[in-house]
Amino acid sequence: MAPRAYWKGTLKLSLVNCPVVLYPATTAAEKTRFHMINRETGNRLKQQMIDSETGDVVEDGEKARGYELRKGKYVEIEKEELEAVQIESNHTIDIESFVPRDEIDKRYLNHPYYVAPDGKAALDAFAVIRDAMKDRERVALAKIVLTNREHIIAIEPLGKGLLGTTLRFPYELRDEDQFFDDIKSPKITKDMVELAGHILHTKAAHFDPSKFKDEYETALKALVKRKASGKTIELPEPEERPSNVVSLMDALKQSLKGRGGGRTSAKQHGRRTTGRHRSAKKTHRSAARHRKAS
């Protein structure tokens, strides 16, 4: 059974209109979730809204939204007032521009969606827009209204379809300077950088998300299964962390020794260096003998 579309509308490129549907590209359905329960009865607990000052339970008809102007001082915003400023969706993704993919800062990427043609009549227009972006290696930027909020969405080819990723607005990003300004620039020797480079070489790989394992999620499922079957849960002893402190250079050398490929790379590097030295010495001796003969 095909998943239900999250959004339906029209992808528009100038005068070209293409009916499309959006599906969330991610899911949390497989995540292990827990509910709060009464330990004595085993029944699930319900949450209630409590007045922070009086401690009284607040019923649904007494609840309202408020924006905090200053500590403890709120301005109440009515539901109708919120609705008046909400952006009504015209169910159109109007492409405004095309930009190089590598110009989009990864920090702006937010939620991904699969974009597919809505019906057979949309196939031609969909393919034209998709393939044009493939040929130009460009990403489309457009506006879309989702849940009464306007978003910028980046659209790019993905297989037979399109991938649409909503982008964060600049005000949602923190300035990196406030976190990086205090980072000093220590003097690092060339040998340290070369050793670290050898370690990087031994760990070189290609991006393969199938190798990502959520070990905590696996452990949670195993815990629930054992507990539900009535088995005793044995708590592991806390591991002692090593307290020995080694120098950065020693740590790099030990890391390299711990990987066979690193030792090979280091030896090859050493042989290349030694070979260059021997070649230089041989040339020097030949020149000296030539001068002496002259």
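Hydrogens, waters and symmetry mates play no part in the numbers below; they use all other heavy atoms, side chains included.
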Heavy-atom count check: over 12 atoms from other residues, nucleotides or ligands less than 6.0 Å from [X] [atom1]?
X: E78; atom1: CD; result: yes
X: D124; atom1: CG; result: no
X: K73; atom1: NZ; result: no
X: E176; atom1: CD; result: yes
X: E53; atom1: CD; result: no
X: E215; atom1: CD; result: no
X: D175; atom1: CG; result: yes

Might you point out which heavy atoms bring [X] and [Y] nearest each other, and give the distance in Å?
X: T41; Y: N38; value: OG1-CB, 3.2 Å
X: I104; Y: A154; value: CD1-CB, 4.2 Å
X: K134; Y: G159; value: NZ-O, 3.4 Å
X: C18; Y: A125; value: CB-CB, 3.9 Å
X: S89; Y: H91; value: OG-N, 3.0 Å
X: E30; Y: K221; value: O-NZ, 3.0 Å

Do [X] and [Y] have side chains that get closer than 4.5 Å, going by heavy atoms?
X: T218; Y: K213; answer: no
X: E137; Y: P100; answer: no
X: E217; Y: T32; answer: yes

Grouping ILVMFWY residues whenever side-chain heavy atoms fall under 4.5 Å, the cluster of F180 otherwise contains F179, I183
Other hydrophobic cluster members with I155, side-chain heavy atoms of Ile/Leu/Val/Met/Phe/Trp/Tyr under 4.5 Å, chained?
-> Y6, W7, L11, L13, V16, V20, L22, I93, I95, F98, Y113, V115, F126, I129, M133, I144, L146, I153, L162
Going hydrophobic residue to hydrophobic residue with side-chain gaps under 4.5 angstrom, can you get from V128 over to L15?
-> no
For the hydrophobic clusters of this structure (ILVMFWY residues joined by side-chain heavy atoms under 4.5 Å, transitively), does one cluster hold both I199 and I188?
-> yes
Enumerate the residue pairs fulfilling ring-ring contact (aromatic ring centres under 6.0 Å, His included) with a member in residues 31-74, sequence neighbours excluded, ordered by first and then second residue.
-> none
Under the side chain to side chain donor-acceptor pair (under 3.5 Å) test, which residues partner D105, sequence neighbours left out?
-> R107
Determine, stepwise, if the pair K227 / I233 fulfils side-chain contact (heavy atoms from CB on, under 4.5 Å).
-> CA-CA 7 Å; K227 191 83 176 190; I233 305 299; 4.1 Å; yes
When rounded to the nearest 0.5 Å, the distance separating CG of L109 from NZ of K106 is 7.5 Å
Of all residues at least two apart in sequence or in a different chain, which pass the salt bridge (charged side-chain N to carboxylate O under 4.0 Å, His left out) check with D214?
-> K31
Give a yes or no on whether a salt bridge exists between D60 and K63, defined as a side-chain N under 4.0 angstrom from a carboxylate O.
-> yes
Could you name each residue pair satisfying side-chain hydrogen bond (donor to acceptor under 3.5 Å, both in side chains) that touches residues 153-168, not counting sequence neighbours?
-> R101-E156
Between T189 and D191: side-chain donor-acceptor atoms closer than 3.5 Å = no
